[in-house]
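All chains are named by letter (A, B, ...) in the order of the sequence lines, taking the proteins before the strands, and each is independently numbered beginning at 1.
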Amino acid sequence: MRCDEVKKLIADYSVDRLSEKVRRRIEDHLVACPDCAAELARQEKAMNLVEQMQMVEPPAGLWNGVYNRITSPQRSTQRQNWLFRCPRWALSLGLCMLVLASVVFLGIDRAGYQKETAVPDPAAAEYIRSHAAASRYDVFADHVGLSFVAAMQSSDEQEEL
Amino acid sequence: MDHCQKLNNMEPGGSDSVLQHESSKMILPGEKPVELVDVSLIKRTKAGDLCAFEELFNHFHKRVYNIVRRLVCNEHDAADLTQEVFVKVFNTIGCLKAEEAFFTWLRSVAVNTCRDYMRRRPPRMESLDANLQFDDGEMAWELPTPDAGPEKELLDSERDKAVRRAVASLSDEHRTVVVLHHLEGMDVKEIAKLLGCPVGTVKSRLARAREDLSRKLLPYVM
Ligand SMILES: [Zn+2]
């Protein structure tokens, strides 16, 4: 193995990330090459310096902050109220569903109201039917809305009969 | 309960080896291993005893603060996050089944709290970052305690700052594995389990961080 190849792999060798075969070849090279052995030693020394980092004293008053937070009224809310345990996205999703549900129900309610009062128009029914048929294979068409209106029209016609 | 399950999954299979490994690496001679703690304190905390929890806090907060500070490299946020960790621990300690693995669990709460924070914070500018961290005094976390004259003190202090600056300049992912492996003494399998990634990923990050650090600390390792 060449020196540049070995040097590229020394860190992976140190963390035991190489296959047995490559590891052996690197070991053979290291025994014979002082330059690559020195590179390995430098990396080892750098990591030793990191490991010698001393711990620092925490600032005073940390406990007071913890104590205040676990004894404040919000804490009991946080521990007991399921609403606060839900992640924020779940709450947003729930809210969206609620809004969507009310819109749908209001829509149905209004449609029902219109059904009672509106006079069925055969021309409009024919237009909607042909529009729905034409839009069947249009991916951007509002298929749900069209079927809904078509269903309303057909029920109107049944009522007429 | 989902969050209970999640918390208990973080516990290691065998905590004994972990404790031995750590105590050989982290604890100075004559110092009581910080990982070992009276299990009755944990039981009392579970029952809501604040005095017991204060004792747990006093026993562990320096270690937790240092883990957090080394991970996030920000003095002010480290204090806030350390408090957040202990509040979480108090609120969820009921979920901890293996009481003898309390420290391992506490550390996983600390690491996950820091990871959430690091994901939220704006991306750092790598080239400027180390200097910014250094200039505001952040990286001068503590002065070493030299056993020789003022020159040695100065040299040690310079080297110490350089080491802190080099570690702070790593990407969040690389720094996390360096702190957990080289400063917390965790083995790669434990780290992989805690971070939820393959062992190979942990090793790869360690290797790249190793190259980066030895390059940045070149004047101190020649
Ligand atoms: Zn060579």
[X] portion near chain A, given a 4.5 angstrom heavy-atom threshold:
X	result
B:Asn58	neither
B:Leu206	both
B:Val178	side chain
B:Tyr220	both

Salt-bridge test for [X] and [Y]: reply yes if a basic N is under 4.0 Å from a carboxylate O, no otherwise.
X	Y	answer
B:Lys193	B:Glu190	no
A:Lys7	A:Glu39	no
B:Arg210	A:Asp12	no

* **Contacting moiety of A:Asp16, where chain B heavy atoms sit under 4.5 Å** => both
* Examine whether an atom of A:Tyr67 lies under 4.5 Å from a heavy atom of chain B, and if so say whether it belongs to the side chain, the backbone or both; otherwise answer neither. => side chain
* Structure fact -> Pair count under 4.5 Å, heavy atoms only, with chain B: among A:Ala46, A:Gly61, A:Pro58, A:Ser14, highest is A:Pro58
* Among B:Asp77, B:Asp116, B:Asp172, find the one that has a salt bridge (charged side-chain N to carboxylate O under 4.0 Å, His left out) with B:Arg121. => B:Asp172
* To do: Report the option among B:Arg159, B:Arg215, B:Met222 that has the most heavy-atom pairs separated by less than 4.5 Å from atoms of chain A.
  => B:Arg159
* Parallel, tilted or perpendicular, as decided by the 30° and 60° cut-offs, for the rings of B:Phe60 and B:Phe103 -> parallel
* Calculate, to the nearest 0.5 Å, the distance between atoms CZ and CE belonging to B:Arg120 and B:Met118 respectively. => 11.0 Å
